[in-house]
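Inspection log for the structure reproduced underneath, given as C-alpha cells.
In this chain, numbering begins with 1 at the start of the sequence shown.
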Amino acid sequence: MIRRMQHRRTLLILLAALCAVGLGTVQDILSSGPSSAGRTLLSVFLVLLPAGFTGTVWMGWTWAPMACVVYGTIGLALDLATATSILGKGNGTDPALLLSGLSGTLNFLLIVFGGRAFWSCLQGSPPPGSPPPSPRSPSSSSAT
C-alpha cells in the first residue's frame, strides 16, 4: 500500500474512459460476428481488465500504475495495428478507425500518467527541513 499516489484521479478517469471505449469497440466488432471464444477474450481485454485496474488503483496498490502502463502499451500497439489495417484497406471512414484513435489516445495518456504515478510511488517521503536556529542565550553578551 502507498500513502499517497499522485495522478490517482487521472488514472481512474482514463481507465473508466477505456472501459467505455472498450464497450463501444466490443459492440462494433460483435456486429461483424467473431466466434464465441474471441468475443469473450475481447470483452475481457477491453472491458474487464481496465475495470479491474480501476479497483486496484482506487485501493492504492503500488503495482497498479505499472500494470496500467503495461496494459496501455499493449493497447496502444493493438490500436496502431488496427488503424494501419483499416487505412491499408482504404476504408478511412470506418467507425472502428475513430474508436481505435480514441482508444490509442487514452492508452498513450494511461502510459504517461501511469508511469508518473508509479515513479511517485518509488519516491520516499521528502527529508525533513532543517530545524529553526536556536535562540540566543540570555547569558551571552553580543553587544560590546
Side-chain angles (χ1 to χ4, degrees), residues 1-138 140 142:
M1 296 288 287
I2 54 177
R3 264 181 260 137
R4 188 170 159 248
M5 180 190 305
Q6 291 181 357
H7 307 294
R8 178 186 287 181
R9 184 176 301 159
T10 305
L11 287 177
L12 292 173
I13 292 169
L14 288 171
L15 287 167
L18 277 170
C19 284
V21 171
L23 280 172
T25 303
V26 168
Q27 291 298 326
D28 186 46
I29 291 178
L30 287 180
S31 63
S32 62
S35 69
S36 174
R39 204 175 315 149
T40 304
L41 185 63
L42 188 66
S43 298
V44 166
F45 185 77
L46 293 177
V47 179
L48 295 180
L49 274 176
F53 290 144
T54 300
T56 59
V57 168
W58 181 74
M59 291 186 336
W61 290 353
T62 306
W63 58 269
M66 186 49 71
C68 290
V69 169
V70 171
Y71 177 81
T73 304
I74 294 169
L76 181 60
L78 290 173
D79 291 329
L80 289 174
T82 302
T84 303
S85 172
I86 292 170
L87 291 174
K89 291 179 185 176
N91 193 6
T93 60
D94 193 358
L97 183 62
L98 177 65
L99 285 172
S100 182
L102 182 59
S103 176
T105 303
L106 291 171
N107 280 318
F108 177 75
L109 292 172
L110 188 66
I111 293 168
V112 170
F113 287 104
R116 292 186 69 181
F118 185 71
W119 186 253
S120 73
C121 295
L122 296 177
Q123 303 298 314
S125 59
S130 60
S134 301
R136 294 182 183 246
S137 172
S140 70
S142 60

**Complete:** W63 meets the ring pair (Phe, Tyr, Trp, His ring centres under 6.0 Å) criterion, sequence neighbours left out, with W61
Non-hydrogen atoms of [X] and [Y] that approach each other most closely:
X	Y	answer
A117	Q6	CB-O, 3.2 Å
P50	Y71	CG-OH, 3.3 Å
A51	C19	N-SG, 3.5 Å

With rounding to the nearest 0.5 Å, note down the distance linking [atom1] in [X] to [atom2] in [Y].
X	Y	atom1	atom2	value
L15	F53	CG	CZ	8.0 Å
T10	L110	OG1	CG	11.0 Å
L11	W58	CG	CH2	15.5 Å
T25	L98	OG1	CG	9.5 Å
L23	L18	CG	CG	11.0 Å

**Request:** List in chain and number order the residues that pass side-chain contact (heavy atoms from CB on, under 4.5 Å) with A17, two or more places apart in sequence or in another chain; answer none if no residue qualifies.
**Result:** L106
**Message:** Quick check on F45: does its CZ atom have over 12 non-hydrogen neighbours (other residues, nucleotides or ligands) under 6.0 Å away?
**Reply:** yes
Kindly list each side-chain donor-acceptor pair under 3.5 angstrom involving residues 73-82, sequence neighbours excluded, with atom names and distances?
residue : atom : partner : partner atom : Å
T73     : OG1  : V69     : O            : 2.7
D79     : OD1  : S103    : OG           : 3.4
D79     : OD2  : S103    : OG           : 2.9
D79     : OD2  : G104    : N            : 3.0
D79     : OD2  : N107    : ND2          : 2.9
T82     : OG1  : L78     : O            : 2.8

